[in-house]
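Counting starts at 1 for both ligands and their atoms, following the listed order. For the single chain, residues carry numbers from 1 onward in sequence order.
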Amino acid sequence: MPLVGASFETAAAPVVAVLGGTGQQGRGLARRLAMAGRTVLVGSRDAARAEQAAAELGAGGAAGIRGGTNADVARAADVVVVAVPWQGHAELLRELADDLAGKLVVDCVNPLERDERGPKPVAVPEGSAAEQAAALLPRSRVVAAFHHISAKVLLEGDEPDETDVLVVGDDREAKQVVMELADAIAGLRGVDAGPLRLARWVEGMTAVIIAVNRRYKTRAGLRVTGI
Ligand SMILES: NC(=O)c1ccc[n+]([C@@H]2O[C@H](COP(=O)([O-])OP(=O)(O)OC[C@H]3O[C@@H](n4cnc5c(N)ncnc54)[C@H](OP(=O)(O)O)[C@@H]3O)[C@@H](O)[C@H]2O)c1
């Protein structure tokens with residue numbers, strides 16, 4: 001099926017693509033966004049793998065998902081979520097810079113490394129994965145979000161339990177679009193958490209949440225009080 005994207009300016013709801021959409025986090029976000037009625041395109045380095053992931057999500061009840069190569073789905077979408085491992089982040093974005101021009105790019109990548117004591121943030125020359133994305137994609141609008149919500153929670157069971165999605169970025173309109181996407185998913189709330197330069201702490205916080213998960217044998221989420 002051809003991938004036809006709606007115009008970001010005119011569409012009632014933006015078409016969302018997920019790069020690395022065959023992985024845990026990508027499939028989880030695709031599933032929840034499709035359940036929220038959004039058109040979702042699952043991307044992969046391999047089109048057949050993407051189509052299979054889309055078909056499996058569809059068979060599981062998440063309608064409206066199609067698959068294609070990362071480049072194809074990026075071109076066809078208005079909003080493109082980056083859900084690949086940190087190790088492949090820079091190379092993929094460099095490759096897709098033309099396909100992502102004019103798109104709203106949502107980075108959920110956590111640059112973490114593990115040792116015997118668990119995960120910890122890695123030093124990123126640009127400051128954060130999201131700032132690296134912004135540096136590599138000067139023709140895209142980059143926002144960072146969805147770092148703390150566990151893929152397992154997105155993929156399984158009922159809705160998340162009153163969980164906040166911290167959204168950071170320098171473009172207010174783009175942040176608003178991403179907060180609306182978060183709000184569309186049952187159980188999630190988008191929270192404007194400031195400019196892109198704060199992304200390093202949002203990304204690093206994931207190591208803290210994983211530590212909590214290990215200690216309490218749970219899938220913890222984040223909730224900001226007072227708003
Ligand atoms: N898992 C979570 O709970 C969670 C929560 C929040 C944020 N995140 C973030 O989301 C991202 C994805 O996490 P994940 O657990 O879904 O990872 P994953 O399952 O290991 O990988 C996701 C997908 O990325 C593609 N990929 C793998 N290596 C790649 C490379 N070198 N270059 C380009 N694409 C590559 C693969 O798809 P193809 O082989 O089909 O191309 C894979 O299915 C990570 O950056 C993580 O920090 C994860």
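- Here's the thing with Asn110: one of its N/O atoms is less than 3.5 angstrom from an N/O atom of ligand 1.
- Salt bridge absent: Asp98 and Arg75 never bring a charged side-chain N and a carboxylate O closer than 4.0 Å.
- Residue-level proximity to ligand 1 for Ile149 is carried by the backbone, the only part with a heavy atom below 4.0 angstrom.
- Distance from atom 3 (O) of ligand 1 to its nearest protein heavy atom, with residue and atom name: Ala151 N, 2.9 Å.
- By the criterion of a heavy-atom distance under 4.0 Å, both the backbone and the side chain of Gln24 are placed next to ligand 1.
- Side-chain atoms of Asn213 come within 3.5 Å of backbone atoms of Ala220 as a donor-acceptor pair (strictly under, hydrogens ignored).
- With hydrogens left out, the protein atom closest to atom 23 (C) of ligand 1 is Gly20 O, 3.5 Å, a heavy atom.
- Nearest to atom 44 (C) of ligand 1 among the protein's heavy atoms is Val84 O, 3.3 Å.
- Environment of CZ in Arg223: crowded, with over 12 heavy atoms of neighbouring residues, nucleotides or ligands closer than 6.0 Å.
- In terms of protein heavy atoms, atom 31 (N) of ligand 1 is closest to Gly88 CA, 3.5 Å.
- Ranking the protein heavy atoms by distance from atom 12 (C) of ligand 1 puts Ala83 O, 3.3 Å first.
- For atom 20 (O) of ligand 1, the closest heavy atom belonging to the protein is Pro85 CG, 3.8 Å.
- Salt bridge annotation for Glu173-Arg141: present, with a cationic side-chain nitrogen under 4.0 angstrom from a carboxylate oxygen.
- If you look at His148 next to ligand 1, there are no close heavy atoms at all, none under 4.0 Å.
- Other residues, nucleotides and ligands place more than 12 heavy atoms under 6.0 Å from the CD atom of Glu156.
- Given atom 43 (O) of ligand 1, the protein heavy atom at minimum distance is Thr22 OG1, 2.8 Å.
- Residue Arg49 places a heavy atom under 4.0 Å from ligand 1.
- Of all atoms in ligand 1, numbered sequentially from 1 with element shown, those under 4.0 Å from a heavy atom of Ser44 are 38 (P), 40 (O), 41 (O).
- Ranking protein heavy atoms by distance to atom 27 (C) of ligand 1, first place goes to Arg45 NH2, 3.3 Å.
- Under a 3.5 Å cut-off, the side chain of Arg27 and the backbone N or O of Gly23 do form a donor-acceptor pair.
- Taking the charged nitrogens against the carboxylate oxygens, Arg45 and Glu95 have no contact shorter than 4.0 Å, which rules out a salt bridge.
- Under a 3.5 Å cut-off, the side chain of Arg189 and the backbone N or O of Val224 do form a donor-acceptor pair.
- At most 12 heavy atoms of other shown residues, nucleotides or ligands fall within 6.0 angstrom of atom CG in Asp158.
- Looking at Asp78, its side chain does come within 3.5 Å of a backbone N or O of Val15 through a donor-acceptor pair.
- For ligand 1, the polar-atom distance check finds an N/O of Gln25 within less than 3.5 Å of one of the ligand's N/O atoms.
- Among Glu126, Glu131, Gln132, the single residue meeting the side chain to side chain donor-acceptor pair (under 3.5 Å) criterion with Ser128 is Glu131.
- Atoms of ligand 1 lying under 4.0 Å from at least one heavy atom of Phe146, given by number and element, are 6 (C), 7 (C).
- Close contacts between ligand 1 and Cys108 involve ligand atoms 7 (C), 8 (N), 9 (C), 10 (O) [criterion: under 4.0 Å to a heavy atom].
- Atoms of ligand 1 lying under 4.0 Å from at least one heavy atom of Val109, given by number and element, are 45 (O).
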